[in-house]
Each structure stands twice: as structure tokens, then as C-alpha cells.
Amino acid sequence: MDKILISQEQIKQRIKELGVQINRDYQGKELVVVGVLTGAFMFTADLLREIKVPIERLEFISISSYGHSTESSGNIRVYLDLKKDIENKHVLLIEDIVDTGLTIHHLMELFEGRKPATIKLASLLYKPSREKYKINIDYLGFTIDNHFVYGYGLDLFGKCRQIPHIAIYSGDIKE
Ligand code: 5GP
């Protein structure tokens with residue numbers, strides 16, 4: 001069995017702390033929350049339960065990053081876009097993991113062009129050793145070493161998203 005890197009209890013506790021920060025930072029404001037599919041679906045659902053400020057709407061965006069390999073493909077494609085515009089809105093983007101930073105770099109560029117009032121990023125995980133693009137993560141769950149991880153929404157070759165903790169894949173990684 002693969003090793004557990006972050007337990008269900010640790011995730012729950014950290015999300016509570018992030019919720020406190022978000023509630024403090026957005027006092028008196030209304031949020032548009034955008035979850036990045038598919039990996040961030042579980043984190044988005046749990047983080048939302050800790051957000052007490054009004055949420056005007058929740059949307060999801062689907063972009064490509066990884067195919068069947070565990071290395072980034074090098075470009076992104078939008079498969080599912082937002083239903084409504086975000087001009088003058090306070091946008092909170094929720095991502096599962098910032099690895100090289102490429103995906104979020106392009107997504108931030110795309111979103112900034114749509115002129116939101118503010119845009120902030122929450123990411124459950126961050127792998128600094130893999131960084132190619134400097135990304136400012138406003139609400140970060142955990143910094144991790146260079147492992148390929150899965151569970152809690154993140155996939156292992158399309159599978160295992162339902163596992164309630166974050167596990168380290170111990171098999172071979174195709175470069
Ligand atoms: P980046 O563009 O930052 O290199 O990659 C971001 C995306 O790659 C994430 O949204 C996620 O889908 C995928 N990714 C990066 N590292 C991992 C990992 O360790 N496990 C899984 N399952 N996906 C990862």
C-alpha cells in the first residue's frame with residue numbers, strides 16, 4: 001500500500017484554518033468561487049463549508065494539464081469555461097496542486113484579462129522543488145516534497161480520487 005502523506009484529520013484541520021483567513025480577508029465582500037476541475041472538487045466542497053462570507057456563485061473551470069503521464073504537457077486548454085463573467089467581482093480560484101505553476105500561471109493571465117475586482121488563489125498543495133513559474137498562493141494548505149501524490153480529489157492515472165487522504169505514489173513515474 002502507498003504511504004499516507006497527509007491524513008484526513010490534517011486536511012480537515014488545515015481547511016478550518018484557511019477558512020478563518022478567508023473569512024477575515026473578505027469581510028463585507030461577496031465572493032465568486034471558481035473550482036478547477038477535476039482535482040480540486042473535494043477541496044472546493046470542504047473549503048466552502050468553512051466560508052462564512054456570502055458566496056454570490058460557485059463555478060467550475062476545466063483545463064488540461066496532465067494526460068496519462070505524470071509530467072505536465074506544457075500547454076493548457078480550456079475545456080469548460082465560466083458561465084458568467086467576473087468583471088468587478090472578487091474571485092477566489094481553488095486549485096488542487098501547484099506543481100510547475102504552468103497551469104495556474106496561464107489561468108491567472110486568462111482571468112486577469114477579464115478584469116475582476118480582485119483575484120486570489122487557494123491551493124491545497126504546493127511543490128516548490130518543481131517551480132517553473134512564480135505563483136503567489138494566497139491560501140496554501142500544505143507544501144510538499146517532490147512526490148507524485150493522489151487522493152482527496154487528485155487522481156492516480158484517472159483513478160483513486162475518492163481516497164479521503166493524500167497518498168504518495170510509489171510506482172514508476174513516466175518522464
Ligand atoms: P502545473 O501546471 O502546476 O505543473 O500542474 C498542475 C496540475 O498538474 C494540477 O492541477 C494537477 O492536475 C497536476 N498535478 C501536478 N502534480 C500532481 C501530483 O502529484 N498528483 C496529481 N494527481 N496531479 C498532479
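One-based numbering, in listed order, for ligands and for the atoms of each. Any value given below was found using the heavy atoms of this structure, including those in side chains, with hydrogens, waters and symmetry copies removed.
Judged by the shortest distance from any of its heavy atoms, Tyr150 lies outside the 4.0 Å radius around the atoms of ligand 1. The shell of residues lying under 4.0 angstrom from ligand 1, judged by heavy atoms, excludes His105. Not a single heavy atom of Arg130 sits under 4.0 Å from any atom of ligand 1.
With sequence neighbours excluded, the residues satisfying side-chain contact (heavy atoms from CB on, under 4.5 Å) with Pro164 are Gln8. For Asp85, the side-chain contact (heavy atoms from CB on, under 4.5 Å) partners two or more places apart in sequence, or in a different chain, are Glu87.
Of all atoms in ligand 1, numbered sequentially from 1 with element shown, those under 4.0 Å from a heavy atom of Leu154 are 20 (N), 21 (C), 22 (N). Taking a cut-off of under 4.0 Å to the non-hydrogen atoms of Gly101, the atoms of ligand 1 that pass are 1 (P), 3 (O), 4 (O). Listed by number with element, the atoms of ligand 1 under 4.0 angstrom from any heavy atom of Glu95 are 10 (O). Taking every non-hydrogen atom of Lys127 and a distance limit under 4.0 Å, the qualifying atoms of ligand 1 come out as 16 (N), 17 (C), 18 (C), 19 (O). In the vicinity of Thr103, heavy-atom distances shorter than 4.0 Å reach the ligand 1 atoms 1 (P), 2 (O), 5 (O), 6 (C). The atoms of ligand 1 that sit less than 4.0 Å from any heavy atom of His147 are 19 (O).
Closest heavy-atom approach to atom 20 (N) of ligand 1 among the candidates Val149, Leu125, Leu5, Asp155: Val149. The heavy atom nearest to atom 4 (O) of ligand 1, considering only Leu102, Leu107, Thr100, is found in Thr100.
The residue Leu156 has no part lying near ligand 1, judged by heavy-atom distances below 4.0 Å.
Closest heavy-atom contact between Lys127 and Asp145: CG-O, 4.0 Å.
No side-chain donor from either of Asp96 and Tyr152 sits under 3.5 Å from a side-chain acceptor of the other.
Ring centroids of Phe157 and Tyr169 are separated by less than 6.0 Å, placing the two rings close together.
Connection of Val32 to Ile55 is not established within any shared hydrophobic cluster, with ILVMFWY side chains joined at heavy-atom distances below 4.5 Å, either directly or through further cluster members.
For Lys52 and Tyr26, the positive end is not near the middle of the six-membered ring at less than 6.0 Å and at most 45° from its axis.
For the side chain to side chain contact (heavy atoms under 4.5 Å, CB included) with Ile104, the qualifying choice from Leu121, Ile137, Ile97 is Leu121, the only one to do so.
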